[in-house]
Amino acid sequence: MALQINGVAIVTGAGSGIGKAVALAYAMEGARGVVMADLNIEAALQTAKESESVATNPIYKPLAVAVDVTDAESVDRMVAAAVEKFERIDYSVNSAGIGVKHHKPVDEADIPEMNAFWKVNVLGSLNCIKSVTKVMKSQSVTTLNSQGKTREVGRGVILNVGSCNSYIATPDIVPYTTTKHAVMGLTKSAALDLAPHGIRVNAICPGWVNTPMVTAAIDGNPDLPGMMKTVIPMSRIAEPEEVADVVLFMTSPRSSYVTGVGWIVDGGTTLQ
Ligand code: NAD
């Protein structure tokens, strides 16, 4: 089943890990444009360069943009640059995020650290939703022809990146678990408010994924790899491409009636 991805994507956090794999997957799957946005512009430029060698749409173009998702004006500039180059935004993936480096129990939770997590993991996604929604609401509705029928697909799709910690708690990572639960609340609220406008909003909720964020977490907690093996039923962490493939389906016309849900991609971790 072809995903029928042929529009324009914005991916935040596209310089590394899951965001990078998602940006490259859009290029591979046939997007006509991908905006790689990241705090680290050098990393975003690198993803943009790599995307050109894997893109399958003959008119494919990348655009690397520096953005700080915690700053609403910076996000508006990112969206304006995307519209100036590509004229519409079909898929918006909010993968910019921060993870825990030092584990602490709740009674030692650090308030400045909590605020920093809130600003990036929750307000960052909200800033992006607010800005892309202004563009998506004014766009024409796209359609999909399937099995001899034509169906309305909508004006755009937004995908937030939660975590299996959007559903469960694991010890000593209060800022992460709290903000990832909030990402699901934001996803459901946005899905409800934007459904009448033909905009779908969903979340992807991964378990451990092989990215620099997890490498940093292991540096701060050497017991983590052993613990991962015991709690993941599939006995391995995910590769970022395994998450990206689900993101592409969730934002493709093939999932045109799915909104307000979190799709857990965790090798069975939350089953027990
Ligand atoms: P990563 O550290 O590899 O990549 C995160 C990217 O976000 C980096 O390129 C960084 O520069 C960018 N970024 C950080 N703050 C930013 C800001 N203020 N503005 C713009 N860009 C910013 O991490 P990752 O593992 O790819 O994580 C991506 C998302 O996936 C995060 O939301 C994370 O919480 C989530 N997640 C990761 C895992 C995992 O195991 N890696 C599991 C579940 C959820």
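Indexing begins at 1, ligand by ligand and atom by atom, following the structure's order. Residues take their numbers from the sequence shown, with the count starting at 1.
At least one heavy atom of V161 sits closer than 4.0 Å to an atom of ligand 1. Residue contacts with ligand 1: A216 is excluded, as none of its non-hydrogen atoms falls under 4.0 Å. Distances from ligand 1 to the non-hydrogen atoms of G162 include at least one value under 4.0 Å. In this structure, P212 has a heavy atom closer than 4.0 Å to ligand 1. Under a 4.0 angstrom heavy-atom cut-off, S95 registers as being in contact with ligand 1.
In terms of polar-atom proximity, defined here as any N/O pair under 3.5 Å, D68 does make such a contact with ligand 1. Taking only nitrogen or oxygen atoms, main chain and side chain alike, P206 does not reach within less than 3.5 Å of ligand 1. The N/O atoms of G19, backbone and side chain alike, include none that comes under 3.5 Å of an N/O atom in ligand 1.
The protein heavy-atom contact nearest to atom 38 (C) of ligand 1 is G207 O, 3.9 Å. V209 N, 2.7 Å is the protein heavy atom nearest to atom 40 (O) of ligand 1. For atom 8 (C) of ligand 1, the nearest protein heavy atom (residue, atom name, distance) is D38 OD2, 3.6 Å. Protein heavy atom in closest approach to atom 21 (N) of ligand 1: L39 N, 3.3 Å. Counting only heavy atoms of the protein, atom 24 (P) of ligand 1 lies nearest to T211 OG1, 3.6 Å. Protein heavy atom at the shortest distance from atom 26 (O) of ligand 1 is I18 N, 2.8 Å. The single protein non-hydrogen atom nearest to atom 13 (N) of ligand 1 is A96 CB, 4.0 Å, given as residue, atom name and distance.
Taking every heavy atom of V214 and a limit of under 4.0 angstrom, the matching atoms of ligand 1 come to 39 (C), 40 (O), 41 (N). Per-residue contacts place W208 under 4.0 angstrom from the following atoms of ligand 1 (heavy atoms of the residue considered): 40 (O). Listed by number with element, the atoms of ligand 1 under 4.0 angstrom from any heavy atom of V67 are 19 (N), 20 (C). The Y176 neighbourhood of ligand 1 comprises atoms 33 (C), 34 (O), 35 (C), 36 (N), 37 (C), 43 (C), 44 (C), with distances under 4.0 Å to a heavy atom of that residue. Listed by number with element, the atoms of ligand 1 under 4.0 Å from a non-hydrogen atom of S16 are 1 (P), 3 (O), 4 (O), 8 (C), 9 (O), 26 (O). Close approach of ligand 1 to G17 is summarised as follows: ligand atoms under 4.0 Å from at least one heavy atom of the residue are 3 (O), 26 (O).
Contact record, M78 with C128: CE-SG, 4.2 Å, taken as the closest heavy-atom pair. Listed here is the closest heavy atom pair of P206 and I18: CG-CD1, 4.2 Å. Between G267 and P233, the shortest heavy-atom distance links the atoms O-CD, 3.4 Å. The two residues L24 and V54 come nearest to each other via the heavy atoms O-CG2, 4.1 Å. Annotation for M184 and A203: closest pair SD-CB, 3.7 Å, computed over non-hydrogen atoms. In terms of heavy atoms, A66 sits closest to S74 at O-OG, 4.4 Å.
For N127 (side chain) and V69 (main-chain N/O), a donor-acceptor pair under 3.5 Å exists by modelled atom type.
Scanning K119, M228, M213 for the heavy atom closest to atom 2 (O) of ligand 1 points to M213. Nearest to atom 14 (C) of ligand 1 by heavy atom, out of G124, G13, G97, is G97.
Both the backbone and the side chain of V69 come within 4.0 Å of ligand 1, counting heavy atoms alone. Residue contacts with ligand 1 for K180 involve side-chain atoms from C-beta outward but no N, CA, C or O (heavy atoms, distance under 4.0 Å).
Exactly one residue among D90, L3, V11 makes a side chain to side chain contact (heavy atoms under 4.5 Å, CB included) with Y26. That residue is V11.
Heavy atoms of other residues, nucleotides or ligands lying less than 6.0 angstrom from CD of E87 number 12 at most.
Distance check, rounded to the nearest 0.5 Å: CD1 of I5 to CG of N57 gives 11.5 Å. The OG1 atom of T178 sits 10.0 Å away from the CZ atom of F117 when rounded to the nearest 0.5 Å.
Electrostatic pairing of E52 and K61 does not count as a salt bridge here, judged by no charged N lying under 4.0 Å from a carboxylate O. Looking at R236 and E242, a side-chain N of the basic residue comes within less than 4.0 Å of a carboxylate O on the acidic one, giving a salt bridge.
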>> Between S252 and E29, is the side-chain contact (heavy atoms from CB on, under 4.5 Å) condition met? List the steps.
In response: CA-CA 10 Å; S252 81; E29 204 62 40; over 6 Å; no

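Between W263 and F249, the ring planes are perpendicular. Angles over 60° get that label, and only those under 30° would be called parallel.
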